[in-house]
Amino acid sequence: MAASMHRQTWRQLMRLHSQRTATLTATARTCPRFLPVAAPARRSYSSNPNPNPNSNSNPNSGSSSSSNPPPPPPPRNSGQEVKFWPFAVLIAIASGAYVLLTRTRQEMPARPNSGASGGRGQLLPPPSNKPTPAFSPRDVTVLFVLGGPGAGKGTQCARLVSEYGFTHLSAGDLLRAEQERPGSEFGALIKDCIKNGAIVPMEVTVQLLENAMAETIRSAPKGSKSAARFLIDGFPRKMDQALKFEEVVCPAKLVLFFDCPEAEMERRLMERGKTSGRADDNAESIRKRFRTFVETSMPVVEHYEKEGRVIKVDATPTPDDVYKDTKGKLVKFLGEGF
Ligand code: C5P
Ligand code: MG
(Lines give C-alpha, C1' and ligand atoms only; values in the text may rest on other atoms or scores of the structure.)
(Ligands and ions follow the chains in the order given, each with its own letter.)
Protein backbone atom coordinates (compact mmCIF):
# COMPACT_ATOMS: atom_id res chain seq x y z
CA MET A 1 0.00 0.00 0.00
CA ALA A 2 2.71 2.38 1.05
CA ALA A 3 4.67 1.36 -2.00
CA SER A 4 1.70 2.05 -4.29
CA MET A 5 1.19 5.56 -2.73
CA HIS A 6 4.84 6.26 -3.19
CA ARG A 7 4.65 5.29 -6.92
CA GLN A 8 1.56 7.57 -7.36
CA THR A 9 3.27 10.57 -5.76
CA TRP A 10 6.31 9.92 -7.97
CA ARG A 11 4.16 9.86 -11.17
CA GLN A 12 2.45 13.15 -10.18
CA LEU A 13 5.81 14.78 -9.65
CA MET A 14 7.03 13.59 -13.09
CA ARG A 15 3.84 14.93 -14.77
CA LEU A 16 4.29 18.33 -13.14
CA HIS A 17 7.90 18.45 -14.31
CA SER A 18 6.98 17.66 -17.99
CA GLN A 19 4.24 20.36 -17.98
CA ARG A 20 6.72 22.98 -16.74
CA THR A 21 9.31 22.03 -19.39
CA ALA A 22 6.68 22.34 -22.16
CA THR A 23 5.64 25.80 -20.90
CA LEU A 24 9.23 27.10 -20.92
CA THR A 25 9.85 25.83 -24.50
CA ALA A 26 6.67 27.56 -25.73
CA THR A 27 7.81 30.79 -24.08
CA ALA A 28 11.10 30.66 -25.95
CA ARG A 29 9.34 30.28 -29.34
CA THR A 30 6.76 33.08 -29.00
CA CYS A 31 8.88 35.68 -27.14
CA PRO A 32 12.44 35.32 -28.31
CA ARG A 33 13.47 38.34 -26.23
CA PHE A 34 13.26 36.21 -23.13
CA LEU A 35 16.08 33.87 -24.06
CA PRO A 36 18.53 34.84 -26.78
CA VAL A 37 19.73 38.10 -25.19
CA ALA A 38 21.66 36.32 -22.52
CA ALA A 39 22.33 33.13 -24.45
CA PRO A 40 25.16 34.26 -26.81
CA ALA A 41 26.98 36.06 -24.03
CA ARG A 42 26.85 32.93 -21.95
CA ARG A 43 28.15 30.85 -24.90
CA SER A 44 31.13 33.11 -25.38
CA TYR A 45 32.30 33.52 -21.85
CA SER A 46 30.67 30.69 -19.83
CA SER A 47 32.97 28.02 -18.49
CA ASN A 48 30.09 25.60 -18.97
CA PRO A 49 29.38 25.43 -22.73
CA ASN A 50 26.16 23.99 -24.08
CA PRO A 51 26.43 20.28 -23.46
CA ASN A 52 24.25 19.52 -26.47
CA PRO A 53 25.46 21.67 -29.41
CA ASN A 54 23.09 19.93 -31.84
CA SER A 55 19.98 20.98 -30.03
CA ASN A 56 17.99 23.55 -31.99
CA SER A 57 17.71 26.66 -29.84
CA ASN A 58 16.91 29.06 -32.70
CA PRO A 59 13.78 30.88 -31.65
CA ASN A 60 12.76 31.50 -35.27
CA SER A 61 13.09 27.95 -36.45
CA GLY A 62 10.20 26.44 -34.59
CA SER A 63 6.66 26.25 -35.89
CA SER A 64 4.28 28.97 -34.90
CA SER A 65 2.69 28.39 -31.54
CA SER A 66 -0.01 31.02 -31.85
CA SER A 67 -2.50 28.61 -30.30
CA ASN A 68 -0.62 28.70 -27.02
CA PRO A 69 -1.45 31.55 -24.66
CA PRO A 70 1.54 33.81 -23.94
CA PRO A 71 3.26 32.40 -20.89
CA PRO A 72 4.57 34.51 -18.04
CA PRO A 73 8.16 35.77 -18.28
CA PRO A 74 10.78 33.62 -16.56
CA PRO A 75 11.86 34.77 -13.14
CA ARG A 76 14.76 37.26 -13.07
CA ASN A 77 18.10 36.34 -11.48
CA SER A 78 17.45 32.71 -12.18
CA GLY A 79 21.05 31.98 -13.25
CA GLN A 80 20.73 33.70 -16.70
CA GLU A 81 21.77 37.22 -15.68
CA VAL A 82 24.20 39.12 -18.02
CA LYS A 83 27.79 39.20 -16.85
CA PHE A 84 29.36 42.67 -16.99
CA TRP A 85 33.06 41.95 -16.56
CA PRO A 86 33.62 40.96 -20.24
CA PHE A 87 32.26 44.38 -21.32
CA ALA A 88 34.49 46.15 -18.80
CA VAL A 89 37.54 44.28 -20.18
CA LEU A 90 36.54 45.19 -23.77
CA ILE A 91 36.15 48.89 -22.91
CA ALA A 92 39.53 48.90 -21.12
CA ILE A 93 41.28 47.31 -24.14
CA ALA A 94 39.62 49.73 -26.60
CA SER A 95 40.58 52.79 -24.49
CA GLY A 96 44.18 51.58 -24.23
CA ALA A 97 44.39 51.06 -28.00
CA TYR A 98 42.95 54.55 -28.64
CA VAL A 99 45.49 56.25 -26.36
CA LEU A 100 48.33 54.30 -28.01
CA LEU A 101 47.14 55.26 -31.50
CA THR A 102 46.89 58.96 -30.59
CA ARG A 103 50.42 58.98 -29.15
CA THR A 104 51.87 57.19 -32.19
CA ARG A 105 50.31 59.71 -34.59
CA GLN A 106 51.73 62.64 -32.62
CA GLU A 107 55.23 61.14 -32.81
CA MET A 108 55.09 60.45 -36.57
CA PRO A 109 57.37 62.67 -38.72
CA ALA A 110 55.62 65.21 -40.95
CA ARG A 111 54.71 63.79 -44.34
CA PRO A 112 56.67 65.28 -47.19
CA ASN A 113 54.18 67.82 -48.47
CA SER A 114 53.13 68.41 -51.98
CA GLY A 115 53.80 72.11 -52.36
CA ALA A 116 56.35 71.81 -55.12
CA SER A 117 54.54 69.08 -56.96
CA GLY A 118 51.24 70.82 -57.50
CA GLY A 119 49.20 69.34 -54.65
CA ARG A 120 46.86 71.24 -52.38
CA GLY A 121 48.68 70.48 -49.13
CA GLN A 122 50.33 72.99 -46.81
CA LEU A 123 53.74 74.06 -48.08
CA LEU A 124 55.50 74.43 -44.73
CA PRO A 125 55.46 71.34 -42.53
CA PRO A 126 54.98 71.67 -38.77
CA PRO A 127 58.27 71.99 -36.85
CA SER A 128 59.86 68.61 -36.34
CA ASN A 129 63.00 67.15 -34.80
CA LYS A 130 64.19 65.66 -38.07
CA PRO A 131 67.95 65.30 -38.43
CA THR A 132 69.56 67.99 -40.59
CA PRO A 133 70.62 68.44 -43.31
CA ALA A 134 68.13 66.35 -45.28
CA PHE A 135 70.72 65.22 -47.86
CA SER A 136 74.36 64.35 -47.37
CA PRO A 137 76.91 65.97 -49.73
CA ARG A 138 78.38 62.46 -50.05
CA ASP A 139 75.21 61.33 -51.87
CA VAL A 140 74.00 64.57 -53.43
CA THR A 141 75.95 67.29 -55.30
CA VAL A 142 74.59 70.82 -55.19
CA LEU A 143 75.93 73.66 -57.33
CA PHE A 144 74.42 77.10 -56.71
CA VAL A 145 74.08 79.25 -59.86
CA LEU A 146 74.07 83.01 -59.30
CA GLY A 147 74.17 86.16 -61.41
CA GLY A 148 72.07 89.28 -61.86
CA PRO A 149 68.67 89.13 -63.58
CA GLY A 150 69.27 88.53 -67.27
CA ALA A 151 72.85 87.26 -66.82
CA GLY A 152 71.97 84.04 -68.66
CA LYS A 153 71.82 81.57 -65.75
CA GLY A 154 68.91 79.57 -67.19
CA THR A 155 70.52 79.31 -70.63
CA GLN A 156 73.80 77.97 -69.26
CA CYS A 157 72.04 75.56 -66.90
CA ALA A 158 70.08 74.04 -69.81
CA ARG A 159 73.35 73.29 -71.63
CA LEU A 160 74.98 71.73 -68.58
CA VAL A 161 71.91 69.56 -68.06
CA SER A 162 71.99 68.16 -71.58
CA GLU A 163 75.73 67.51 -71.61
CA TYR A 164 76.41 66.42 -68.02
CA GLY A 165 73.11 65.12 -66.71
CA PHE A 166 72.27 67.53 -63.89
CA THR A 167 68.79 68.24 -62.55
CA HIS A 168 68.02 71.94 -63.00
CA LEU A 169 65.92 73.59 -60.28
CA SER A 170 65.20 77.30 -60.75
CA ALA A 171 64.13 78.99 -57.51
CA GLY A 172 62.24 81.63 -59.51
CA ASP A 173 60.35 78.94 -61.50
CA LEU A 174 59.42 77.07 -58.30
CA LEU A 175 58.15 80.30 -56.75
CA ARG A 176 56.07 81.12 -59.83
CA ALA A 177 54.59 77.59 -59.76
CA GLU A 178 53.76 77.92 -56.06
CA GLN A 179 52.17 81.30 -56.75
CA GLU A 180 49.84 79.63 -59.29
CA ARG A 181 49.08 76.56 -57.16
CA PRO A 182 45.39 76.60 -56.15
CA GLY A 183 45.07 76.95 -52.40
CA SER A 184 48.65 78.14 -51.82
CA GLU A 185 48.80 80.27 -48.68
CA PHE A 186 51.82 82.10 -50.13
CA GLY A 187 50.49 82.90 -53.60
CA ALA A 188 49.72 86.58 -52.93
CA LEU A 189 52.96 87.15 -51.02
CA ILE A 190 55.09 85.61 -53.79
CA LYS A 191 53.27 87.61 -56.45
CA ASP A 192 53.93 90.83 -54.61
CA CYS A 193 57.63 90.06 -54.03
CA ILE A 194 58.25 89.08 -57.65
CA LYS A 195 56.56 92.21 -59.02
CA ASN A 196 58.73 94.38 -56.76
CA GLY A 197 61.96 92.43 -57.23
CA ALA A 198 62.00 91.69 -53.50
CA ILE A 199 63.20 88.47 -51.89
CA VAL A 200 60.51 86.00 -50.82
CA PRO A 201 60.87 84.87 -47.17
CA MET A 202 63.49 82.17 -47.19
CA GLU A 203 61.38 79.46 -45.46
CA VAL A 204 59.15 79.30 -48.54
CA THR A 205 61.94 79.03 -51.11
CA VAL A 206 64.06 76.62 -49.09
CA GLN A 207 61.05 74.34 -48.56
CA LEU A 208 60.14 74.41 -52.25
CA LEU A 209 63.69 73.44 -53.17
CA GLU A 210 63.84 70.66 -50.60
CA ASN A 211 60.51 69.26 -51.81
CA ALA A 212 61.63 69.37 -55.44
CA MET A 213 64.93 67.64 -54.63
CA ALA A 214 63.20 64.94 -52.59
CA GLU A 215 60.67 64.35 -55.37
CA THR A 216 63.42 64.14 -58.02
CA ILE A 217 65.37 61.59 -55.97
CA ARG A 218 62.23 59.61 -55.07
CA SER A 219 60.96 59.30 -58.63
CA ALA A 220 64.30 58.72 -60.40
CA PRO A 221 65.22 55.30 -61.75
CA LYS A 222 67.71 53.47 -59.51
CA GLY A 223 71.30 54.55 -60.17
CA SER A 224 70.28 57.69 -62.10
CA LYS A 225 73.24 60.11 -62.21
CA SER A 226 71.27 63.31 -62.72
CA ALA A 227 68.90 62.63 -59.80
CA ALA A 228 71.72 63.19 -57.32
CA ARG A 229 73.27 66.29 -59.00
CA PHE A 230 71.47 69.60 -58.78
CA LEU A 231 72.02 72.97 -60.41
CA ILE A 232 70.12 75.35 -58.16
CA ASP A 233 69.53 78.43 -60.27
CA GLY A 234 68.90 81.91 -58.83
CA PHE A 235 69.61 80.77 -55.31
CA PRO A 236 70.69 81.78 -52.69
CA ARG A 237 69.74 85.42 -53.29
CA LYS A 238 70.16 86.41 -49.65
CA MET A 239 72.46 85.30 -46.81
CA ASP A 240 69.64 83.81 -44.76
CA GLN A 241 68.65 81.58 -47.71
CA ALA A 242 72.25 80.39 -48.04
CA LEU A 243 72.69 79.57 -44.37
CA LYS A 244 69.29 77.92 -43.99
CA PHE A 245 69.64 75.77 -47.10
CA GLU A 246 73.09 74.49 -46.17
CA GLU A 247 71.90 73.79 -42.64
CA VAL A 248 68.66 71.96 -43.36
CA VAL A 249 68.83 70.73 -46.96
CA CYS A 250 72.39 70.10 -48.17
CA PRO A 251 75.78 71.84 -48.11
CA ALA A 252 76.68 73.16 -51.59
CA LYS A 253 79.85 72.18 -53.41
CA LEU A 254 80.35 75.52 -55.14
CA VAL A 255 78.77 78.67 -56.56
CA LEU A 256 78.81 79.27 -60.30
CA PHE A 257 78.63 83.05 -60.67
CA PHE A 258 77.75 84.63 -64.03
CA ASP A 259 79.04 88.18 -63.98
CA CYS A 260 77.41 90.64 -66.37
CA PRO A 261 77.19 94.45 -66.59
CA GLU A 262 73.79 95.99 -65.80
CA ALA A 263 73.42 97.61 -69.22
CA GLU A 264 73.76 94.23 -70.97
CA MET A 265 71.34 92.55 -68.54
CA GLU A 266 68.79 95.34 -69.01
CA ARG A 267 68.98 95.01 -72.78
CA ARG A 268 68.40 91.22 -72.55
CA LEU A 269 65.52 91.55 -70.10
CA MET A 270 63.71 94.19 -72.14
CA GLU A 271 64.06 91.93 -75.18
CA ARG A 272 62.81 88.90 -73.25
CA GLY A 273 59.91 90.95 -71.85
CA LYS A 274 58.39 91.21 -75.33
CA THR A 275 57.44 87.51 -75.19
CA SER A 276 58.07 86.14 -71.69
CA GLY A 277 54.77 87.24 -70.16
CA ARG A 278 56.62 87.71 -66.84
CA ALA A 279 55.23 90.34 -64.51
CA ASP A 280 58.76 91.52 -63.64
CA ASP A 281 60.26 91.89 -67.13
CA ASN A 282 59.40 95.61 -67.32
CA ALA A 283 61.54 98.70 -66.77
CA GLU A 284 60.26 99.49 -63.28
CA SER A 285 60.56 95.92 -61.91
CA ILE A 286 63.95 95.47 -63.58
CA ARG A 287 65.31 98.56 -61.78
CA LYS A 288 64.13 97.16 -58.43
CA ARG A 289 65.59 93.71 -59.19
CA PHE A 290 69.00 95.26 -59.93
CA ARG A 291 68.98 97.10 -56.62
CA THR A 292 68.07 93.95 -54.74
CA PHE A 293 70.82 92.07 -56.53
CA VAL A 294 73.52 94.59 -55.61
CA GLU A 295 72.39 95.14 -52.02
CA THR A 296 71.24 91.65 -51.04
CA SER A 297 72.63 89.04 -53.43
CA MET A 298 76.20 90.27 -54.03
CA PRO A 299 77.05 89.82 -50.30
CA VAL A 300 76.20 86.12 -50.78
CA VAL A 301 78.69 85.83 -53.66
CA GLU A 302 81.31 87.61 -51.54
CA HIS A 303 80.63 85.25 -48.62
CA TYR A 304 81.32 82.19 -50.78
CA GLU A 305 84.33 83.87 -52.46
CA LYS A 306 85.95 84.22 -49.05
CA GLU A 307 85.47 80.49 -48.59
CA GLY A 308 87.05 79.74 -52.01
CA ARG A 309 83.83 78.17 -53.31
CA VAL A 310 83.07 80.52 -56.26
CA ILE A 311 83.68 79.93 -59.98
CA LYS A 312 83.29 83.31 -61.69
CA VAL A 313 82.46 83.43 -65.40
CA ASP A 314 82.17 86.53 -67.59
CA ALA A 315 78.58 86.34 -68.94
CA THR A 316 78.83 89.21 -71.46
CA PRO A 317 79.84 87.19 -74.57
CA THR A 318 77.55 84.94 -76.65
CA PRO A 319 75.95 81.92 -74.97
CA ASP A 320 78.36 79.55 -76.81
CA ASP A 321 81.44 81.38 -75.57
CA VAL A 322 80.09 81.63 -72.04
CA TYR A 323 79.39 77.89 -72.05
CA LYS A 324 82.93 77.05 -73.25
CA ASP A 325 84.40 79.16 -70.47
CA THR A 326 82.04 77.62 -67.90
CA LYS A 327 82.92 74.06 -68.85
CA GLY A 328 86.67 74.75 -68.75
CA LYS A 329 86.42 76.25 -65.26
CA LEU A 330 84.21 73.44 -63.96
CA VAL A 331 86.67 70.84 -65.22
CA LYS A 332 89.50 72.67 -63.43
CA PHE A 333 87.52 72.82 -60.20
CA LEU A 334 85.79 69.42 -60.19
CA GLY A 335 87.83 67.28 -62.58
CA GLU A 336 87.25 65.87 -66.08
CA GLY A 337 83.67 64.73 -66.76
CA PHE A 338 82.59 66.28 -63.43
O1 C5P B 1 65.48 84.04 -60.73
P2 C5P B 1 64.28 84.81 -61.22
O3 C5P B 1 64.64 86.05 -61.93
O4 C5P B 1 63.33 83.94 -61.97
O5 C5P B 1 63.49 85.25 -59.89
C6 C5P B 1 62.30 86.01 -59.98
C7 C5P B 1 61.94 86.56 -58.63
O8 C5P B 1 61.69 85.50 -57.72
C9 C5P B 1 62.99 87.38 -57.94
O10 C5P B 1 63.05 88.70 -58.43
C11 C5P B 1 62.50 87.34 -56.51
O12 C5P B 1 61.38 88.17 -56.32
C13 C5P B 1 62.06 85.90 -56.40
N14 C5P B 1 63.16 85.04 -55.92
C15 C5P B 1 63.44 85.01 -54.55
N16 C5P B 1 64.47 84.23 -54.07
C17 C5P B 1 65.18 83.49 -54.92
C18 C5P B 1 64.91 83.49 -56.30
C19 C5P B 1 63.87 84.28 -56.76
O20 C5P B 1 62.81 85.70 -53.75
N21 C5P B 1 66.18 82.73 -54.45
MG1 MG C 1 65.94 82.34 -64.64
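Read the numbers this way: they start at 1 and go in the same order the structure lists the ligands and their atoms. All residue numbers in this chain count up from 1 along the given sequence.
Near ligand 1, residues Ala171, Gly172, Leu175, Arg176, Cys193, Ile194, Ala198, Ile199, Val200, Gly234, Phe235, Arg237, Gln241, Arg278, Asp280, Arg289 come within 4.0 angstrom through at least one heavy atom.
Under the 3.5 Å distance criterion, with hydrogens and angles disregarded, a donor-acceptor pair is assigned to the side chains of Ser184 and Glu178. A side-chain donor-acceptor contact under 3.5 Å links Asp314 and Thr316.
Taking a 6.0 Å sphere around CD of Glu284, one finds it holds 12 or fewer heavy atoms contributed by other residues, nucleotides or ligands.
Grouped with Leu269 in one hydrophobic cluster are Met265, Met270, Ile286, Phe290, the linkage being side-chain heavy-atom contacts under 4.5 Å among Ile, Leu, Val, Met, Phe, Trp and Tyr residues.
The structure places CD1 of Ile232 at 13.0 Å from CG of Leu256, a figure rounded to the nearest 0.5 Å.
We find that Asp173 and Arg176 are joined by a salt bridge, their nearest charged nitrogen and carboxylate oxygen being less than 4.0 Å apart.
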